[in-house]
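Quick notes on the structure that follows.
Start at 1 and go down the list; that is how both ligands and their atoms are numbered.
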Amino acid sequence: MPSDRATGIHDLSLATTEFVLPHAALAGHNGTEIGKYHVGIGQRSMSVPAADEDIVTMGAAAAAPIIARHGTDRIRTVVFATESSIDQAKSAGVYVHSLLGLPSATRVVELKQACYGGTAALQFAIGLVLRDPRQQVLVIASDISKYDLDSPGESTQGAAAVAMLVAADPALVRVEEPSGLFTADVMDFWRPNYRDAALVDGEESITAYLQAVENTWTDYAKQGGRPLDEFAAFCYHQPFTKMAYKAHRHLLNTCGQDTDGARIQQAVGHTTAYNKVIGNSYTASAYLGLAALLDQADDMTDRPIGFLSYGSGSVAEFFAGTAVPGYREHLRTAAHHEAIDRRGTLDYATYRELHEASFPTDGGHHPTPPQTTGPFRLAALRSHKRIYERR
Ligand code: HMG
C-alpha cells in the first residue's frame, strides 16, 4: 500500500512570457496544413520570450506571488530546475533569491536532467521537508524551449515557469510514496554547451518517452503503488499536448485495459489547457498540467492524480498525489489566466528576429530593449554579467 505522508505542494504559481506566436502564423510561413499543428500535435500557440526575459525573470515572476502570500520565514532552500541554463557555474536560483529578497540563511542550487529536473527538485524538496517539517522549500522550474528555425521541433517550442512551495501539511497536493523510476542512456534530445537550440531525433524521442511510461509504471506497481483504476487524472510531461494522449493510451495498453478515446480524454483532457497555448516548458510542463487540472476540473478532493515526468536522455518517474480538502481556496486560477491572456501576439517576422537575437560575447555593455511589462527584466549584459531589474 502507498504510504500517506503529509508532505507536498503547498502553493503553486505560474508565469510565462510577454509574447505569443499563434501556430497559424508559423503555418503561414512554412506552408504546413494547420490541422497538423492544431490536431496532429495538439498545439495552438507558443510563448515567446521578449529580448529582456529569460528563465530568471520568469522564475522570479512565478515565485513572487508565493513569497507575497507566505513570506520567507520558513524557506531555507531554493531549488531551481532548468535545462535552458544561463550560466555554467552560477545557479539561476541565486539571481531569483536576490530579486525576491530572500534571507541570506538559504541554500540555493540548480538542477538539471532535461525535463525531469522539475520532478527531481520536487522529490528532493520533499526529502528535506520530511527531515525537518518546520522548513519549506521553494521549487522553481523554468525553461525556454528553443529549436532551430524551420526544423520539425520548432512547432513544439514554448516557455514558462512554475514555482511550488513544498511543505508539510500542504494546502494543495499531498505527494505519495512510492515512485516508479526509470533511467536509460539514449540520445533522443540533447543540447551541447555551444548551442542555444536543442538537437532532437523526434521519432526516437517519442519511442523513448513511451518506453519510459511503461517502465516507470512497471516499477511503480512493483513498489506497491496504487492500481490504475484508482486514478482520477494523469499529469504527463507535455512536449506537445498530443503526447499526453499517446502516453496514456500506451499506459492503458501496458495494463491490458481498454483504450477508449473518451476514457483517455477524461484522464488527461483538463491537464492540456495551459500547455496547448504555452508550448513545451520542459521542467515546468507536467506542473502546468497540474495547474490546469486543479484550476478547471470539478472537485478533485482526495482523488488520486498520476504524474509522469519524462526527461530526455533519459530519466523518468511515475508517482501519485492527492488534492487535499479545501485545496480550491488556495488556487491562483485568475492569475494563471491573466498570465496567459496578457501576452502580446507576434507576427512571424518579429518572432524570427527574437529567435535569432543573441548577446555579443565581447564583454561590452549591451543593454536590452525594454520589451517586457512583467515585474522583472534582464536589463543588460555588462562585462559578461547579467544585470536584472525589479520594477
Ligand atoms: P513532424 O515530423 O513535424 O510531424 O514531427 P509528423 O509528421 O510526425 O506529424 C505529427 C502528427 O501530426 C502525426 O500524428 C501526423 O499524422 C499528424 P501521429 O501519427 O503522431 O498521431 N498530422 C496531421 N493531423 C491532422 N491534420 C493534418 C496532419 N498532418 C500530420 N493535416 C515531432 C513531430 C513531435 C516529432 C517534432 O515536432 C519534434 O521533433 N519535436 C521535438 C521533440 C519532441 O517533442 N519529442 C517528444 C518526446 S521527448 C520529450 O518529451 C522530451 C522533451 O520535452 C525534452 C526534454 O526532456 O528535455 C522534448
Side-chain angles (χ1 to χ4, degrees), residues 23-24 26-27 29-44 46-47 55 81-85 111-121 141-160 182-192 195-214 216 235-250 253 259 261 264 268 271-272 275-276 278-289 307-318:
H23 277 75
L26 183 62
H29 160 74
N30 62 21
T32 297
E33 157 64 35
I34 194 65
K36 174 169 171 180
Y37 293 153
H38 287 177
V39 181
I41 59 170
Q43 291 303 122
R44 309 296 297 199
M46 58 177 87
S47 282
I55 55 163
T82 189
E83 61 175 290
S84 33
S85 191
L111 282 187
K112 177 180 69 184
Q113 175 30 59
C115 304
Y116 172 70
T119 297
S142 182
D143 266 307
I144 295 169
S145 162
K146 192 168 176 183
Y147 295 94
D148 285 334
L149 290 166
D150 302 317
S151 71
E154 185 181 19
S155 57
T156 62
Q157 295 175 130
F182 181 66
T183 290
D185 183 3
V186 285
M187 289 303 283
D188 60 328
F189 167 106
W190 67 106
R191 184 170 67 83
R195 286 181 61 94
D196 73 338
L199 296 165
V200 65
D201 179 337
E203 208 176 312
E204 162 108 14
S205 73
I206 292 172
T207 306
Y209 182 128
L210 295 178
Q211 270 171 4
V213 169
E214 194 172 323
T216 51
C235 294
Y236 287 94
H237 166 56
Q238 293 172 37
F240 49 93
T241 62
K242 179 88 167 283
M243 193 68 220
Y245 290 81
K246 285 180 190 286
H248 198 58
R249 179 170 290 108
H250 193 74
N253 269 325
T259 56
I264 297 173
V268 304
T271 72
T272 62
N275 286 293
K276 190 184 296 185
I278 285 177
N280 196 351
S281 57
Y282 292 156
T283 51
S285 166
Y287 302 98
L288 285 183
F307 292 83
L308 185 283
S309 176
Y310 175 75
S312 284
S314 69
V315 178
E317 178 162 348
F318 184 95

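Under the 30°/60° scheme for interplanar angles, the aromatic rings of Tyr310 and Tyr209 are found to be tilted.
For Asn30, the side-chain hydrogen bond (donor to acceptor under 3.5 Å, both in side chains) partners are Thr32, Tyr37, not counting sequence neighbours.
Side-chain polar atoms of Tyr287 and Thr119 form a donor-acceptor pair below 3.5 angstrom. Side chains of Asp143 and Thr82: a donor on one and an acceptor on the other come within 3.5 Å.
Protein heavy atom at the shortest distance from atom 26 (N) of ligand 1 is Gly35 C, 3.3 Å. Here the protein heavy atom with the shortest distance to atom 45 (N) of ligand 1 is Ser205 OG, 2.8 Å. Among all non-hydrogen protein atoms, the one lying nearest atom 36 (C) of ligand 1 is Pro152 O, 3.5 Å. Atom 13 (C) of ligand 1 has its closest protein heavy atom at Gly40 O, 4.5 Å. Annotation: atom 23 (C) of ligand 1 to nearest protein heavy atom, Lys36 CA, 3.6 Å. Looking only at protein heavy atoms, the nearest one to atom 21 (O) of ligand 1 is Lys242 NZ, 3.0 Å. Here the protein heavy atom with the shortest distance to atom 52 (C) of ligand 1 is Cys115 SG, 3.7 Å. Nearest protein heavy-atom contact of atom 50 (O) of ligand 1 is Pro239 CG, 3.0 Å.
Taking OG1 of Thr271 as the reference point, atom CZ of Phe307 lies at 10.0 Å (rounded to 0.5 Å). Taken from OG in Ser281 to CD1 in Ile144, the straight-line distance is 11.0 Å, to the nearest 0.5 Å. To the nearest 0.5 Å, atom CG of residue Asp201 and atom CZ of residue Phe189 are 12.5 Å apart. Once rounded to the nearest 0.5 Å, the distance linking CD1 of Ile278 with OG of Ser145 reads 12.5 Å.
Under the 4.0 Å distance rule, the nearest protein heavy atom to atom 32 (C) of ligand 1 falls outside the cut-off. Distance remark: protein heavy atom not present below 4.0 angstrom from atom 16 (O) of ligand 1. Per-atom contact check: atom 8 (O) of ligand 1 does not touch the protein, criterion being a heavy-atom distance below 4.0 Å.
A donor-acceptor contact shorter than 3.5 Å links the side chain of Thr216 to the backbone of Val213. Between the side chain of Asp188 and the backbone N or O of Ser312 there is no donor-acceptor pair closer than 3.5 Å. Panel note: side chain His23, backbone His38; no donor-acceptor pair is recorded below 3.5 Å. Side-chain atoms of Arg191 do not come within 3.5 Å of backbone N or O of Lys146 as any donor-acceptor pair.
Looking at Glu203 next to ligand 1, no N or O pair under 3.5 Å apart turns up. Looking at ligand 1, you won't find any N or O of Tyr209 less than 3.5 Å from one of its N or O atoms. An N or O contact shorter than 3.5 Å is missing between Tyr282 and ligand 1 by distance. Not one N or O of Asp188 is nearer than 3.5 Å to an N or O of ligand 1, by distance alone. Residue contacts with ligand 1: Glu33 is placed with no nitrogen or oxygen under 3.5 Å of a nitrogen or oxygen of the ligand (distance criterion only).
Short contacts between ligand 1 and Ala114, defined as distances under 4.0 Å to a heavy atom of the residue, involve ligand atoms 55 (C), 56 (O), 57 (O). Ligand 1 places these atoms under 4.0 Å from at least one heavy atom of Gly311: 56 (O). Short contacts between ligand 1 and His237, defined as distances under 4.0 Å to a heavy atom of the residue, involve ligand atoms 49 (C), 50 (O), 51 (C), 52 (C), 53 (O). Atoms of ligand 1 found under 4.0 Å from any heavy atom of Glu83, numbered from 1 in the order shown, are 55 (C), 57 (O). Counting atoms of ligand 1 from 1 in the listed order, those under 4.0 Å from a heavy atom of Gly202 are 35 (C), 39 (O). The contact set between ligand 1 and Thr156, taken as ligand atoms under 4.0 Å from a residue heavy atom, comprises 37 (O), 40 (N), 41 (C).
The minimum heavy-atom distance between Thr283 and Ala114, with the atom names listed, is CG2-O, 3.5 Å.
At a 4.0 Å heavy-atom cut-off, ligand 1 does not touch Tyr116 at all.
Using a 4.0 angstrom heavy-atom cutoff, Lys246 counts as in contact with ligand 1.
For the pairing with Gln238, the side chain to side chain donor-acceptor pair (under 3.5 Å) check across Asn275, Thr156, Asn280 returns one residue only, Asn275.
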